[in-house]
K.L.:
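Pasting in a structure now, in structure tokens, and then I'll have a few things to ask.
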Amino acid sequence: MNGLQQQNFRVNLGGVIALLSKNLYSSPGVYVRELIQNAMDAIVARDTLGGDPAPRTISISPYGVASPDSPANEFMITDAGIGVSLEQVEQFLATVGASSKRDELEQSRRTYIGQFGIGLLSCFLIADEITVVSLSATGAEPIEWVGRSDGTYTVRTVAEDIPVGTTVRLQPRPDMIGWARAEQVSPLVQKYAEFLPAEISVMTSQGPKDVSREYPWVNDFDAHRSGVLQGVSPVYGGMGVGRQFDAIEVADADLGLHAVVYIGAASRRSKTAARNRIYVNDMLVDDAEGALMPPWAFFAWAVIKSTKLEPTASREALMTNATLAMTRRKLGQAALKWLRSLADTDPERFAEFVADNELELKSAATQGVDADNLELAEVVLPMLTVQTTEGHMRLVDVAGHNPNILFAASVKEFRTIASFNPGGRIVVNAGHTLEQEVLLMLPQVMSGITVTRAYPASEVAALMVPSADAVGEVLALEQRATQSLTASGCRVVVRQFPSPDLPAVFIGRGQIDMASPGYGDLAHLVVNWSNRAVRALTRTTDDLVFSRLMQLLFVQARMAGQCDGPEDRILLSEALDDIILLAAGVDGTEVTR
Amino acid sequence: MSEQPTVSAEELEQLGDEALSAEQLERALQHYGEARRLLCEALDLVLGEDADFEVISMITDDLSRVGEKAHDVWSRLQPPPKSHEEQAAELRAMVDVSMESGDLAHASHMSFRLGETLEDLGDLENAESAYRQAVVLAREVDASDPELMLAAFASLIHFLSPSEESVALAEEMAANLIDRKEMYHPMRAAEAAYHCAIAELEFAEVNPHRVDHAMDAIARPTIKMLDDICFHERSQALQRLAAEVLRGVGRDVEADQWQADAEPAAHSFAA
């Protein structure tokens with residue numbers, strides 16, 4: 001087809017404005033941030049003209065507060081920045097997507113906060129009309145531009161004598177009045193802009209309130225940390241963040257990064273107050289906190305001052321790029337370095353930290369496979385305290401006793417082993433949440449360590465057999481006892497337990513000695529040669545008494561191992577009856593032998 | 001060995017009266033307390049013996065009289081209640097402390113209590129400011145404390161005159177508490193819908209063109225929501241308010257129907 005004509009899309013400007021202003025931002029409050037951002041950029045731009053530096057002041061008069069320049073029924077913000085001329089109005093205020101900062105953006109990204117030319121649209125979140133009165137520092141006539149949410153605008157020059165700079169006035173819609181009142185505006189200004197290098201004041205019914213201040217740590221980090229260690233709650237955006245365990249300074253000129261990483265106190269860790277705060281060119285990027293600290297660093301959060309991170313158009317997220325990745329890495333490394341140094345220099349405080357965060361640390365160190373997780377595991381895992389057959393011990397100490405760490409995979413197995421093995425081989429209870437994961441990860445973070453599962457049967461196998469001079473007695477006991485328990489299908493073996501207290505232990509399954517292959521699935525009653533009652537049994541000549549006592553021992557061992565059932569209660573009852581009758585001989589009743 | 005002098009409950013009460021006349025309040029309270037103890041013992045005794053009603057009622061009358069005297073003396077011994085001004089100053093300080101320590105939820109709670117106190121004092125401007133601050137903080141706390149969102153928003157909504165803003169606040173609260181999974185609870189959602197419906201109905205009363213919307217789109221579904229979880233008193237209160245609003249805009253027939261729906265028992269009796 002010949003004569004093709006290039007045509008433009010027809011854009012419903014009112015619709016686009018509504019779309020951008022209502023869908024780009026998460027809260028109506030962002031208009032405060034966008035207006036301050038424009039004001040700050042205008043001040044910086046005026047400096048580039050040379051001459052005297054622009055007054056670095058931004059004044060805000062919220063709705064409901066009457067000031068000399070603003071009636072009570074409007075919101076007003078004034079800056080002494082570069083201003084706009086009639087020609088620039090067409091370009092910058094009336095063209096969605098145009099920004100006065102775009103041309104210089106690449107060469108001086110750190111200078112300007114805004115980049116996209118859409119910030120002013122956020123005012124339509126609370127008002128249907130935006131009035132901008134401005135006098136350009138370049139010497140043109142003052143202008144008044146009025147933009148409306150239907151996509152129309154008017155512009156005119158004004159005769160009044162006004163100072164260089166820009167004033168934006170909004171008359172909030174009746175339903176949005178609350179968002180323009182001092183109670184809401186003041187905290188928003190503090191939240192977004194308290195660290196901007198300008199004097200920002202908000203008019204209140206009690207007079208102007210200065211909002212600006214310096215980062216609490218930027219001039220004297222040691223003093224800030226000292227306060228934190230003494231329990232002083234850091235304050236951001238006018239709100240305290242609660243007690244913190246520690247604070248770490250992070251600075252990297254190449255990344256344009258100066259930051260403080262706070263280590264949260266476990267009991268006070270609150271998602272509301274202690275969350276990451278990212279200031280790009282000293283303006284808070286809202287709701288971007290999830291992007292900052294690596295997920296394993298659950299115990300830390302950061303406040304960062306960056307000149308190189310890049311916010312998205314809504315300024316509610318950060319661009320995912322190499323700078324963000326390196327910043328995250330840097331902050332994660334700082335948290336890890338802190339942990340390592342605390343472990344080396346202050347073991348008591350480190351132990352306190354580990355105890356407060358044990359479950360989370362286990363989870364963070366064992367989940368995921370990246371290098372940082374491994375580093376966290378390397379610092380934390382050896383210091384974790386576990387339950388062992390020798391009481392509670394740190395894993396590093398368990399490994400010190402035996403580099404082949406043994407563990408029981410369930411609490412029940414651990415209890416069985418612990419019942420006959422105190423003072424013997426150290427076995428760790430890995431029956432609780434994440435403990436097996438922790439142990440199985442240990443060889444990756446401690447060199448020369450192996451981890452092996454211990455079974456009650458394998459631990460019995462490791463017990464000593466009684467000395468050779470007792471072999472006759474031992475064999476006789478094993479044979480008689482096994483015969484007594486024929487009905488229960490249980491083999492009896494004799495071993496020497498480290499402690500004489502326990503007479504016997506029931507091992508439900510597993511091969512307990514190499515000399516008797518094929519017995520892997522047979523239940524065993526292992527009796528303790530060191531136990532006084534067991535030794536006494538060998539001297540029992542009455543077979544019936546011996547048999548009933550063995551049955552009682554058998555039931556007792558099964559009950560201790562929590563594997564008894566109804567058949568054990570019957571056996572217990574019968575054996576006990578017979579023992580009583582044999583001992584007392586009631587009414588001359590004969591016990592069937 | 002000296003014998004313990006026996007004093008009757010009547011004598012103890014009299015001693016208490018004498019101490020009271022002499023403004024010896026603590027002593028009076030002690031005597032009344034003893035008298036009550038003796039009367040209680042006597043009552044236990046006669047109840048165990050199946051005594052007649054007259055004896056029992058005589059003791060209970062004595063018990064109640066001495067109890068009242070003891071309570072009066074106890075009340076006089078209490079420090080005078082704090083003035084509203086003192087309470088307001090305390091609440092203000094608590095807001096500041098909670099803000100500094102990062103307990104924003106507590107700061108918000110204290111802030112709307114401060115609003116209530118200032119409202120009682122007649123300082124409506126600062127009361128509004130406190131209610132608004134409570135809402136600002138509740139927004140920060142967000143899903144960590146949905147009850148707070150309900151309480152803080154409801155306080156401000158009902159403080160404000162019916163307006164677009166009170167409706168917008170109610171909608172914001174309801175959207176959070178009904179639509180957000182992490183904040184949803186059927187009772188809380190129904191409560192939020194209830195406050196939202198009140199705001200809509202009250203606003204409709206001064207903006208008659210919104211009446212149909214308030215009735216059909218807001219009040220009816222809210223009443224169903226309230227009835228579904230057996231908040232019948234709330235749903236009836238809403239029906240009565242709807243009737244008032246309708247009557248206020250001259251729709252008496254509909255108002256009668258809503259009123260009748262609000263009083264089902266009376267309605268069926270009259271019929």
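Residue numbers start from 1 in every chain, and the chains themselves are labelled A, B, ... in the order their sequence lines are given, proteins ahead of strands.
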K.L.:
Check whether B:Leu169 gets within reach of chain A through its side chain, its backbone, both or neither, counting any heavy atom under 4.5 Å.
P.N.:
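The answer is neither part of B:Leu169.
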
K.L.:
Where on B:Val136 is there a heavy atom nearer than 4.5 Å to chain A: the side chain, the backbone, both, or neither?
P.N.:
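When you check distances to chain A, atoms from both the backbone and side chain of B:Val136 fall under 4.5 Å.
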
K.L.:
Could you tell me the separation between the OG atom of A:Ser27 and the CD atom of B:Glu172, rounded to the nearest 0.5 Å?
P.N.:
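Result: 8.0 Å between the selected atoms.
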
K.L.:
With a 3.5 Å cut-off and no angle check, do the side chains of B:Glu100 and A:Ser233 form a donor-acceptor pair?
P.N.:
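There is no such pair (donor and acceptor under 3.5 Å, judged by atom type) between the side chains of B:Glu100 and A:Ser233.
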
K.L.:
Could A:Arg181 and B:Glu128 be called an ion pair, given the rule that one side-chain N must be under 4.0 Å from one carboxylate O?
P.N.:
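Between B:Glu128 and A:Arg181 there is a salt bridge, with a charged N closer than 4.0 Å to a carboxylate O.
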
K.L.:
Please classify the contact of B:Ser129 with chain A as side chain, backbone, both or neither, using a heavy-atom distance under 4.5 Å.
P.N.:
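For B:Ser129, heavy atoms of backbone and side chain both lie under 4.5 Å from chain A.
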
K.L.:
Kindly check if the number of other-residue, nucleotide or ligand heavy atoms within 6.0 Å of CZ (B:Arg139) is above 12?
P.N.:
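Yes, CZ of B:Arg139 has more than 12 neighbouring heavy atoms, counting only those of other groups under 6.0 Å.
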
K.L.:
Given a strict heavy-atom distance threshold of 4.5 Å, which part of A:Ser205 is in contact with chain B: side chain, backbone, both, or neither?
P.N.:
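It is the side chain, since no backbone atom gets that close.
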
K.L.:
Can you tell me how far the CZ atom of B:Arg132 sits from the CD1 atom of A:Ile177, to the nearest 0.5 Å?
P.N.:
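Separation between the atoms: 8.0 Å.
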
K.L.:
How about CD on B:Glu182, more than 12 heavy atoms from neighbouring residues, nucleotides or ligands closer than 6.0 Å, or not?
P.N.:
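Enclosed: over 12 neighbouring heavy atoms sit under 6.0 Å from CD of B:Glu182.
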
K.L.:
Do B:Val135 and A:Gln184 have side-chain heavy atoms sitting under 4.5 Å apart?
P.N.:
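They are not in contact (no side-chain heavy atoms under 4.5 Å apart), so the answer is no.
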
K.L.:
Contact part of B:Glu125 toward chain A, heavy-atom cut-off under 4.5 Å: side chain, backbone, both or neither?
P.N.:
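For B:Glu125, the side chain is the part near chain A, not the backbone.
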
